[in-house]
Amino acid sequence: MELSTLALFVPACFALNMAPGPNNLLSISNATRYGFRQACTAGAGRLLAFGGMIALASAGLAAVLHTSELLFYGIKTVGAAYLFYLAFQLWRAVPGGHEEAAAPAAGLMQLARQEFLVAAGNPKAILIFTAFLPQFVHPAQPMAPQFAVLGALFLALEMAAIAIYSWMGTHLRRWFAQPRGKRIFNRSCAGLLASAGLGLLLSRRA
């Protein structure tokens with residue numbers, strides 16, 4: 001691919017990666033509860049979901065979401081319901097002391113699964129890949145290699161976003177060291193996740 005195209009793609013893509021959303025909010029929340037390393041590692045679930053969506057977009061299968069209203073709203077409803085579930089769990093979570101900083105070994109898979117389900121449950125994400133990535137694909141060149149390069153760059157920048165939001169979460173953990181502060185933070189995150197779920201329910205197809 002031409003360097004001029006990549007020079008336009010990288011900053012635009014990174015702005016998209018850094019936009020506040022349910023997954024980035026999860027990275028902050030996980031980092032405050034389990035630490036930087038756990039939150040970053042759990043982000044692999046998000047990368048797996050996004051990687052699958054990029055593969056679908058490159059194969060042209062994302063067009064199904066544009067044409068099938070039932071499938072789109074079905075995925076959207078399930079995704080919103082899961083966000084509401086996470087919001088409920090955070091709202092009723094009982095804040096503990098410093099001993100909760102380390103998560104048990106089984107918790108890592110659970111966190112990665114949360115990241116995956118939140119990303120996979122948002123049909124708007126695959127529509128973003130369908131509308132955003134093709135803008136940087138040259139129609140006269142083979143499509144698959146271009147999608148591979150753009151997809152790899154997207155995932156690399158997403159990893160950077162995960163690390164940045166997780167780093168923010170570790171600093172928030174220092175600020176909310178007391179149980180009252182943790183309760184306020186958990187319930188703030190719960191409210192934002194519920195708002196994201198409501199926004200997902202009210203969203204329309206692009």
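Numbers here are sequence positions counted from 1.
Defined by atom type and a distance below 3.5 Å, a donor-acceptor pair is missing between the side-chain atoms of Asn30 and Gln38.
Using modelled atom types, no side-chain atom of Ser29 and backbone atom of Leu25 make a donor-acceptor pair closer than 3.5 Å.
Of the candidates Leu47, Leu48, Leu26, Thr41, Leu26 is the only one forming a side chain to side chain contact (heavy atoms under 4.5 Å, CB included) with Glu115.
The two residues Phe50 and Ala119 have their closest heavy-atom pair at CE2-CB, 3.7 Å.
Phe84 CZ to Leu198 CG: the interatomic distance, rounded to the nearest 0.5 Å, is 5.5 Å. The line from CG of Asn23 to CG of Leu117 is 10.0 Å long, rounded to the nearest 0.5 Å. Put simply, SG on Cys13 and CG on Leu8 are 12.5 Å apart, with the number rounded to the nearest 0.5 Å.
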Do any side-chain atoms of residues 147-168 form donor-acceptor pairs under 3.5 angstrom with protein atoms, and if so which ones, sequence neighbours left out?
residue	atom	partner	partner atom	Å
Glu158	OE1	Asn17	ND2	2.6
Glu158	OE2	Arg46	NH1	2.6
Tyr165	OH	Met18	O	2.6
Ser166	OG	Ile162	O	2.7
Trp167	NE1	His171	NE2	3.1

